[in-house]
Amino acid sequence: MRLDPLLQSAAATAFERCFGSALAPDQFSVQMTRKEFTGDRTIVCFPLARHSKAAPDATAERLGEALVSGDGPVTGFNVVKGFLNLEIEASYWSEWLTGEAAGTDYGHKPSGSAPRVMVEYSSPNTNKPLHLGHLRNNFLGHSVSRILEAAGHSVTKVQIVNDRGIHICKSMVAWRKFGQGETPESAGMKGDKLVGKYYVAFDQAFKKETAHLIEAGRSKEQAEKEAPLILEAQETLRLWEQGDAETVGLWKTMNSWVYAGFEDTYRTMGVEFDKLYYESDTYLTGRDRVLEGLKRGVFEQTDDGAVWVDLTEDGLDRKLLLRGDGTAVYMTQDIGTALLRFQDFPDLDRQVYTVGNEQEYHFKVLFLVLGKLGFPQAERCHHLSYGMVELPEGKMKSREGTVVDADDLMAEMFGIAREIAQEAGKLEGLDDEAQREVFERVGLSALKYFLLKVDPKKNMMFDPKASIDFYGNTGPFILFNYVRGRSILRRAHDEGLALPTSLTTVPGPEEMELIGCLHSLPDVISEAASTYNPSLVANWCYDLTKAFSSYYQEHPILAAEDEPTRDFRLALTERFTRSLNTGMHLLGIALPERM
RNA sequence: GACUAUGUAGCUCAACUGGAUAGAGCACCUCACUACGGAUGAGGAGGUUGAGGGUUCGAAUCCUUCCAUGGUCGCCA
């Protein structure tokens, strides 16, 4: 059993013996003892006073005595104004270091011990390249997938590719008009960038057209409806829906360019998917299922033929599910996609949707609708809602050219990593390819850590100057300490030192900070999994690293004063590097051996 | 306007879910050093936790009234 539950049940037993009142173990709040007091764990005794019918201090005293005389790991205690500080037997920790902490799967629950979860993330439109906002989305979704896996879930990572609709038709129209047969090869451009270029070209030409129309006396609204370009885009969408061969052909070609570009970006980001869903495949299913629901009486139809769901009983509105002409809206295709997924994975316990917080209402509706359609998983589905990434000058605006491109940003981070590494000069002897891998890992760690350390639900500020900092509370700082630890372990190995399997020394107070961090990993992972919150893991990684860095500065490891001490520190260093590796892996961050 | 989230050091973020003197990083000041990898460590300064009221042994955290900011309220996605 882990220490805290162990103490709780010991406290419950002791409490009953002292005061004759039986309390559940979780009534005892156990927390880490603050640094300025002696002890390892603290039980807060104020809430116990009503049950013990004694003052908090007296309650604490008697409980402390009973715990020390019990057969648990408690060897001493002190009481400070109602706080019972417990000292844990030092050998408990050294045994723990060679026991639970030494397991290669430390922190992980057995895989498959929790039900299957599907995590959706990324899900971009196919008309524009990925930007900074997508990075937060991808890193979050990818990290949550790994955290859920560590918590024992089977995880299926998916995305829904928004490959259909007016947006891609706009790019197609512009390419036909202005493209002169340009391809990614002929332009020497990534496919997603090329298609994005035509999306912008469409927008600019469209603006000119509407401006002319407005000059000719049309209202802005009229002009935007009547501009020849928008009519052509709408016609293209109609042709696409009818399956017109030429239109579908061009659509496939341009989408394939985008996919090639995206794949490239995903590879650089280090994220991956188990299965892709395409809206062009799911929107029709959605329509069928909505009509089925209509037949079963869960939805209602208005005179014009549109299908609605009434959610007023759930405190929401009526919501449109299908237009009067039978065409799909956004909700329709999301229903279809969800149902297809439940069909594809019959053991699916829930779906997690990594989507920005502007769509909170949409997902509330979606989950209610899925419930009405009879899916019990609906109530466990979760919208992993995250806040916007803002720049110092405000929101990213494509119109003002302030959109931070994902490829550019990553390339910039790699460049900075290269500069700093070359200055440090620790990579001599590695070939170019191996060096490049180090630059990428270091640069990416800075970006991922920066975006993941903030609570997902909060908006966050992306200050380019601060985010490229590789010192302080950053990914590279964590990597740096990992590399130092690994370097020591390599040396030990080269000198023929084996890692101890049992320890003859016990930790002193200097070690306890580090051990306390290491010990909390399993709790951090399960908390992060149940709240879908990677920032908890990120902050843990930093706290652990800081503790090691500080310890490292003051205590020689290989040159420790005697062999037992050296063995102890070596074991501690090994647990540090491995646990840190686990934590960083959960963030999707790969660690280098040198930097 | 209604609903919803957020508001903590100059700036960017924490705070074990109601616990002890609210902690980190950046920036600023001081110090340490042949260094097992200095992309370092130790210290200082910096706070009426947006404001007021309430709940109790105890509040950044819960309730309430305001204030500010973002988001949503489409037969857009």
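What you see is a predicted model, and the numbers here were worked out from it, not measured in a lab. Because only heavy atoms are used, hydrogens play no part in the values below, and waters and symmetry mates are left out as well, while side chains stay in. Lettering follows sequence order; numbering is per chain, from 1.
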Which nucleotide in the list [options] gets nearest to the side chain of [X]?
X: V442(A); options: rG37(B), rA39(B), rC76(B); answer: rA39(B)
X: M460(A); options: rC13(B), rA14(B), rC36(B); answer: rC13(B)
X: N125(A); options: rG37(B), rG41(B), rA77(B); answer: rA77(B)
X: R491(A); options: rU40(B), rA14(B), rG37(B); answer: rG37(B)
X: V44(A); options: rG19(B), rA77(B), rU17(B); answer: rG19(B)
X: T42(A); options: rG37(B), rA77(B), rA20(B); answer: rA20(B)
X: M461(A); options: rC73(B), rC13(B), rC36(B); answer: rC13(B)
X: Y552(A); options: rC75(B), rG70(B), rC36(B); answer: rC36(B)
X: V329(A); options: rA39(B), rC75(B), rA42(B); answer: rC75(B)
X: F480(A); options: rC76(B), rG38(B), rC36(B); answer: rG38(B)

Can you see if the side chain of [X] gets near the phosphate of [N] - specifically, an N or O under 4.0 Å from OP1 or OP2?
X: K458(A); N: rA14(B); value: yes
X: S550(A); N: rG41(B); value: no
X: R318(A); N: rC73(B); value: no
X: S487(A); N: rC36(B); value: no

- Can you give one letter per nucleotide of nucleotides 21-35 of chain B, going 5' to 3': B for a protein heavy atom under 4.0 Å from the base, S for sugar-phosphate only, - for none? S-SSSS---------
Any base atoms under 4.0 Å from [X], or only sugar-phosphate, or nothing? Heavy atoms, all strands.
X: E554(A); result: sugar-phosphate
X: N481(A); result: nothing
X: M595(A); result: base
X: P47(A); result: base
X: V454(A); result: sugar-phosphate
X: N85(A); result: base
X: Y330(A); result: base
X: N162(A); result: sugar-phosphate
X: A49(A); result: nothing
X: Q333(A); result: sugar-phosphate

Take atom [atom1] in [N] and the same atom in [M], then report the distance between them in whole Å.
N: rU4(B); M: rC66(B); atom1: P; result: 14 Å
N: rA42(B); M: rA59(B); atom1: P; result: 31 Å
N: rA27(B); M: rA9(B); atom1: C1'; result: 12 Å

- Query: Under the 3.5 angstrom rule, does the side chain of R136(A) hit a backbone N or O of G387(A) as a donor-acceptor pair?
  - Reply: yes
- Note on the structure: Judged by nearest nucleotide, the residue sitting upstream toward the 5' end of RNA chain B, K453(A) or N357(A), is K453(A)
- Query: Quick one: on RNA chain B, does L322(A) or F450(A) contact a more 5' nucleotide (nearest heavy atom)?
  - Reply: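 This one resolves to F450(A).
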Between [X] and [Y], does the ring centre distance come in under 6.0 Å?
X: F450(A); Y: F462(A); value: yes
X: Y353(A); Y: F367(A); value: yes
X: F83(A); Y: F46(A); value: yes

Which whole-number value in Å describes the distance from [X] [atom1] to [N] [atom2]?
X: I468(A); N: rU12(B); atom1: CD1; atom2: P; value: 17 Å
X: E390(A); N: rC13(B); atom1: CD; atom2: C1'; value: 15 Å
X: L366(A); N: rA77(B); atom1: CG; atom2: C1'; value: 14 Å
X: D455(A); N: rA60(B); atom1: CG; atom2: C1'; value: 15 Å
X: E358(A); N: rC3(B); atom1: CD; atom2: P; value: 22 Å
X: L391(A); N: rU12(B); atom1: CG; atom2: C1'; value: 14 Å
X: F46(A); N: rU56(B); atom1: CZ; atom2: P; value: 16 Å
X: H167(A); N: rC76(B); atom1: NE2; atom2: P; value: 15 Å

- Item | Watson-Crick and G-U pairing of RNA chain B written in dot-bracket, each distance under 3.5 angstrom, with | for inter-strand partners | (((((((..((((.....[...)))).(((((.......))))).....(((((..]....))))))))))))....
- Message: Using every non-hydrogen atom in the two residues, find where S385(A) and N357(A) come nearest and quote the distance to one decimal.
- Response: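 Smallest heavy-atom distance, with atoms named: OG-CB, 3.0 Å.
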N-O pairing of [X] and [Y] below 4.0 Å:
X: R238(A); Y: E241(A); result: no
X: K457(A); Y: D455(A); result: yes
X: R441(A); Y: E593(A); result: no
X: D494(A); Y: R490(A); result: no

- Message: Between K220(A) and E224(A), does the salt bridge (charged side-chain N to carboxylate O under 4.0 Å, His left out) criterion hold? Intermediate values first, please.
- Response: CA-CA 6 Å; K220(A) 189 173 182 240; E224(A) 282 175 358; 3.7 Å; yes
- Pairs involving residues 549-575 of chain A, ordered by first then second residue, that meet ring-ring contact (aromatic ring centres under 6.0 Å, His included) (sequence neighbours left out): F548(A)-Y552(A), Y551(A)-H555(A)
- Ignoring hydrogens and angles, does a donor from either the side chain of D463(A) or the base of rC11(B) sit under 3.5 Å from an acceptor on the other?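 Check fails, no donor-acceptor contact within cut-off.
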- Cation over ring, R164(A) on Y283(A), under 6.0 Å and within 45°? yes
